[in-house]
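Reading through the structure tokens given below for one structure.
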Amino acid sequence: MSNFSLPKSERICDQVLISEIFELGNTVKDFPVFAHYLLKDFNGKPLQVLFSVPKRNFKSAIKRNVLKRKMREAYRLNKNTLATVLKNKKQSMNIAFVYTGKEICTFEKLEKKIIAILDRLSEMHEKGLC
RNA sequence: AUGGCUGUUCGUCCCAUCGCUCUUUGAAAUACAGGGGAGGAAAGUCCGGACACCACAGAGUGCCAUGCUUCCUAACAGGAAGGUUCAUACUUGUAUGAAACAGAUAGUGCCACAGAAAAUAUACCGCCAUGCUCCGGUGUGGUAAGGGUGAAAACGUGAGGUAAGAGCUCACGUCGGUCUGAGGUGACUCAGGCGGAGGUAAACCUCAUGGGGUGCAAGACCAAAUAUACCGGCUAUUGGGUUACUCGCUCAGGCCGGGGGGUAGGUUGCUACAAUUGAAUGGCGACAUUCAAUGCAGAUAAAUGAUGGGAAUAGCGCUUGCGUUAUACAGAAUCCGGCUUACAGAACAGCCUUUUUU
RNA sequence: CGCCCGUUCGUCUAGUUGGCCUAGGACGCCAGGUUUUCAUCCUGGAAAUCAGGGGUUCGAAUCCCCUACGGGUGA
């Protein structure tokens, strides 16, 4: 399975779900990215995500947009291992990526961090620690 | 040539791979294919409109905004062309720049400190006349030229006049008011007459003009989802009470509608018009009219991108054609017209400084 | 996206009908005194270009305009 697309159905657009993630979910940190995640029963989509950059750290809308785009690209290219793991277990996961750094970092660095987070999540999931 | 200022225009480009969003054909749907996809400021939300809903007899008062004139415009606190005043420059009547630039002669208030006095004028030192005198002064009256104070001192200069003085009179000026004549669409200008002179309206205010309120989270429709205070209607067919019974009345229930509470999506509004580009005509100009061509974002936890390679421009380094670094300000959210603010660099036009050559 | 409000010593604030305000008070800070010492207490001092810039005025924290930052609110 080599699906690099990220249509709207794989993004979170529901306010109730978002507040659930931030209130009930657990966190995985790898500076400068903070991932809140919440595990659920399988409902057709293995993964749903959202990306956020706080306005507190970046006043300019352009800088926020750039970081969100970079994070989305990094996730889009590396999401498949976690997706297969979840699909095999018949569960789905909602993840919220929040950028907590105060300076813009390069794409390569961001990609490494996001891969690390996704690897940790899939490992934990295979062991059943979530 | 170099540097600076002002104005106008532009404000990185190409290819590959992987994606996002809208739309068209086809289609149950996905997938595939074709097409479109940020700006000059999209920003600030400072003005003005369109559009929508709510409110609304008429008039007045109040509140807010604007404030030289004419024009442009859908409208404006915007723009164009002019007028006036002020500042600067010199060629001394021109150029450049600036102006919340209606009214202080409608009325009220304020003008700290200093100063005699801050606006009905007044009198500390003075000046003049005169009374008294111990000849040092002092009382009374007149006066406001000079001194000192202040941001500002009753219009400025000169002459006449006078006991001393004073727009008291005259000449030349400054300012604004009013009347007459001339020019101009008008602000205003010129000439003459009359009467006049502190400032402050970004103090209250007066005059003129304009303004109903709320904003696309406006509003419309569809689907879902239900506790029900309360109100109205229906109840052939439900039950209780009243009654001997029927009708009637009444209470409860049911249904419908309203009202009010709470949950939470979708569609629409939504992108084709004060539209953009080009030409012609009219106008000093802002701009208008006509003709032709074009179709040019529409997201909603919110798309318009990421990576790699190449080009262009700029800086740095030296091997002088290679390496390396950087590519401004900044991201639509109902839509337009302005204003304000941010902005690497490039091009064009005008003006100024310095240097070189003829 | 729309609408509204605020910004004054290190902190919390007063003053916002223009002049007494180059700005008052409390807490905190510094120095001295009191005490065997510390605290309390007493005395004195420093600390603000009133968010930034421009304008009106003789004179601005105050009036007007622009900018920056912070906050509130609207189904």
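Quick note on labels: first sequence line is chain A, next is B, and so on, each numbered from 1. Side chains included, hydrogens not; waters and symmetry mates left out as well; all remaining heavy atoms used.
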Review point. Mind checking the C1' distance from B:G67 to B:G78? Whole angstroms is fine.
Key: 16 Å

Review point. Just to confirm, is there a sub-4.0 Å distance from OP1 or OP2 of B:G331 to any side-chain nitrogen or oxygen of A:R64?
Key: no

Practice item. For B:A42 versus B:G176, give the span between their P atoms, rounded off to a whole number of Å. Key: 44 Å

Check your understanding: Who does B:G173 pair with, Watson-Crick or G-U, both distances under 3.5 Å?
Key -> B:C155

Review point. Across the strands shown, which category fits A:L50 at heavy-atom distances under 4.0 angstrom: base, sugar-phosphate, nothing?
Key: nothing

Review point. Does a nitrogen or oxygen in the side chain of A:R72 sit under 4.0 Å from OP1 or OP2 of B:U304?
Key: yes

Check your understanding: How far, in whole Å, is B:C284 from B:U209 if one measures between their P atoms?
Key -> 33 Å

Check your understanding: When you compare B:C128 with B:A166, how far apart are their P atoms, in angstrom units rounded to a whole number?
Key -> 14 Å

Check your understanding: B:G167: syn or anti, with syn meaning chi within 90° of zero?
Key -> syn

Point to revise | Distance in angstrom units between A:E111 CD and B:U307 P, rounded | key: 10 Å

Study note, to complete from the structure: A:N78 atom CG is separated from B:A306 atom P, nearest whole Å, by 17 Å

Review point. A:K70 has a side chain; which of B:A306, B:G305, B:G331 sits nearest to it?
Key: B:A306

**Study point:** Nucleotide forming a Watson-Crick or wobble pair with B:G305, both distances under 3.5 Å
**Key:** B:C18

Practice item. Inspect the contact between A:E73 and A:R76 and indicate whether a charged nitrogen and a carboxylate oxygen are less than 4.0 angstrom apart. Key: yes

Point to revise | Spacing of the P atoms in B:U327 and B:G48 (rounded, Å) | key: 42 Å

Study note, to complete from the structure: Scanning all shown strands, the Watson-Crick or wobble mate of B:U243 with both distances under 3.5 Å is none

Review point. In terms of base orientation, is B:C53 syn or anti, with the syn window spanning 90° either side of 0?
Key: anti

**Study point:** Rounded distance (Å) that lies between atom C1' of B:U307 and atom CE of A:M71
**Key:** 18 Å

**Study point:** A:I115 CD1 - B:U307 C1' separation (whole Å)
**Key:** 13 Å

Exercise for review: Measure across A:K29 and A:R120 and return the closest heavy-atom pair with its distance rounded to 0.1 Å.
Suggested key: O-NH1, 3.1 Å

Review point. Just how far, in rounded Å, is P of B:C20 from OH of A:Y75?
Key: 13 Å

Revision key, fill the gap. Scanning all shown strands, the Watson-Crick or wobble mate of B:U96 with both distances under 3.5 Å is B:A87

Practice item. Taking syn as within 90° of 0 and anti otherwise, name the glycosidic form of B:A38. Key: syn

Exercise for review: Verify side-chain contact (heavy atoms from CB on, under 4.5 Å) between A:Y37 and A:N94, making sure each step is shown before the conclusion.
Suggested key: CA-CA 5 Å; A:Y37 66 93; A:N94 298 328; over 6 Å; no

Review point. Taking any strand in view, what nucleotide pairs with B:G210 in a Watson-Crick or G-U wobble way, both distances under 3.5 Å?
Key: B:C64

Exercise for review: Describe, in one word, how the ring planes of A:F97 and A:F51 are oriented to each other, choosing from parallel (under 30°), tilted (30 to 60°) and perpendicular (over 60°).
Suggested key: parallel

Revision key, fill the gap. Applying the 3.5 Å cut-off to both distances, the Watson-Crick or G-U partner of B:U281 turns out to be B:A288

Check your understanding: Which nucleotide in the set B:A306, B:A330, B:A38 lies at the smallest distance from any side-chain heavy atom of A:N65?
Key -> B:A38

Review point. Below 4.5 Å, heavy atoms only, C-beta onward: do A:L67 and A:K63 meet side chain to side chain?
Key: no

Review point. Paired with B:G181 by Watson-Crick or G-U wobble geometry, both distances under 3.5 Å: which nucleotide is it?
Key: B:C190

Review point. If you measure from the P atom in B:C336 to the same atom in B:A292, how many Å do you get, rounded?
Key: 27 Å

Check your understanding: Could you state the CZ-P distance from A:R76 to B:G19, rounded to the nearest angstrom?
Key -> 6 Å

Point to revise | Opposite nucleotide pairing with B:G257, Watson-Crick or G-U, both atom distances under 3.5 Å | key: B:C231

Check your understanding: Judged by atom type as modelled, is there a donor-acceptor pair below 3.5 Å linking the side chain of A:R64 to the main-chain atoms of A:S52?
Key -> no

Point to revise | Inter-nucleotide P distance (C:U62, C:C9), Å rounded | key: 15 Å

Practice item. Name the orientation of the base relative to the sugar in B:G142: syn if the glycosidic angle is within 90° of 0, else anti. Key: anti

**Study point:** Whole-Å gap separating C1' (B:A301) and CG (A:N94)
**Key:** 13 Å

Review point. More 5' along RNA chain B: A:L77 or A:V66, using each one's nearest nucleotide?
Key: A:L77

Point to revise | Sole residue of A:I117, A:I115, A:D119 in side chain to side chain contact (heavy atoms under 4.5 Å, CB included) with A:N78 | key: A:I115

Exercise for review: Determine if the base of B:G40 is syn or anti; take syn to mean the glycosidic torsion is within 90° of 0.
Suggested key: syn

Review point. What interatomic distance, in whole Å, is found between P of B:U66 and the corresponding atom of B:A55?
Key: 32 Å

Study note, to complete from the structure: Between the OG1 atom in A:T27 and the CD1 atom in A:I95, the distance rounded to the nearest 0.5 Å is 12.5 Å

Point to revise | Paired and unpaired positions of RNA chain C as dot-bracket, Watson-Crick or G-U wobble under 3.5 Å, | denoting a partner strand | key: ((((((((.[[[[.)...(....]]]].(((((.......))))).....[[[[[..)....]]]]]))))))).

